[in-house]
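Below is one structure; the comments refer to it alone.
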Amino acid sequence: MPSNDARNLLQTAVPAAAVGVVTVAVSGAVAGGKGALGAAVGTVLAILFMGIGLFVLQWTAKTLPQLFQAMGLMLYVAQLLLLLIFVALFKDTSLFHPKTFAIGLVVATVVWMAAQARAHMKAKIFYVDPEPAKSEKPEKTGPSS
């Protein structure tokens, strides 16, 4: 992963994880151990989904830029479907508290998106790729002498 991509990931994952720690602490104080576990699972799931999505979108932007918008839409639909499957599988679980899971998931996702918007606004992105030209000499088009 190039340094710019790693910096972008760091600027988004760290605030989401920090808020996740606070959410886990508050959930643990309010709902006990199952509440803390629910918030932790929600936070980890949000960071995992959003991190994989960011990686896939950055890869798509570099290798297949013509598919970037379509891939973004498909990725968000896939993330929602995977989350729906996860919630459906664990809807009747007694392993963790479902409300703190939802709170952890939503809070981490919102903070991730805000941090990603901030990182994008602060990034110095070139409008044109500064690749050197291969040949600056004009080609001869007339008859050779």
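Note that the structure is a prediction, hence the values are computed from the model and not measured. Any value given below was found using the heavy atoms of this structure, including those in side chains, with hydrogens, waters and symmetry copies removed.
Inter-residue side-chain proximity for K91 and P98 is flagged as unmet; no heavy-atom pair is nearer than 4.5 Å. You'll find the side chain of L105 stays beyond 4.5 Å of the side chain of V41, heavy atoms only. Annotation: side chain of Q116 is in contact with side chain of L54 (closest heavy-atom distance under 4.5 Å).
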If you apply the rule side-chain contact (heavy atoms from CB on, under 4.5 Å), what do you find for F101 with V87, and how did you get there? CA-CA 10 Å; F101 164 75; V87 169; 4.0 Å; yes
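Heavy atoms only, all atoms of each residue included: G28 and A36 are closest at CA-CB, 3.7 Å.
Summarising the geometry, atom CG belonging to L83 is positioned 6.0 Å from atom CZ belonging to F49; distances are rounded to the nearest 0.5 Å. To the nearest 0.5 Å, the span separating NZ on K62 from CG on L57 amounts to 11.0 Å. Distance check: T60 OG1 to L75 CG gives 8.0 Å after rounding to the nearest 0.5 Å. Put simply, CG on L45 and OG1 on T109 are 8.5 Å apart, with the number rounded to the nearest 0.5 Å. Separating the CG atom in L48 from the CD1 atom in I52 is a distance of 4.0 Å, to the nearest 0.5 Å. One finds the OG1 atom of T100 at 8.0 Å from the CG atom of L37 (value rounded to the nearest 0.5 Å).
Scanning for side-chain contact (heavy atoms from CB on, under 4.5 Å) contacts around M74 gives M71, with sequence neighbours left out. Partners of F90 under the ring pair (Phe, Tyr, Trp, His ring centres under 6.0 Å) rule, at least two apart in sequence or in another chain, are F86. Not counting sequence neighbours, the partners of Q11 by the side-chain contact (heavy atoms from CB on, under 4.5 Å) test are R7, A119. Residues satisfying the side-chain contact (heavy atoms from CB on, under 4.5 Å) criterion with I47, sequence neighbours excluded, are A16, A17, T43, W112.
Through chains of ILVMFWY side-chain contacts below 4.5 Å, V19 is grouped with I103, V107, V111. Grouped by direct or indirect side-chain proximity (heavy atoms under 4.5 Å, Ile/Leu/Val/Met/Phe/Trp/Tyr only), L80 sits alone.
There is no path of hydrophobic side-chain contacts, each under 4.5 Å, that joins L73 to V56. In terms of hydrophobic clustering, with Ile, Leu, Val, Met, Phe, Trp and Tyr side chains grouped at heavy-atom distances under 4.5 Å, L84 and L82 are assigned to different clusters.
The closest donor-acceptor contact from the side chain of K34 to the backbone of L95 lies at 3.5 Å or more, if one exists at all.
Surrounding CD of Q66 are more than 12 heavy atoms belonging to other residues, nucleotides or ligands, all under 6.0 Å away.
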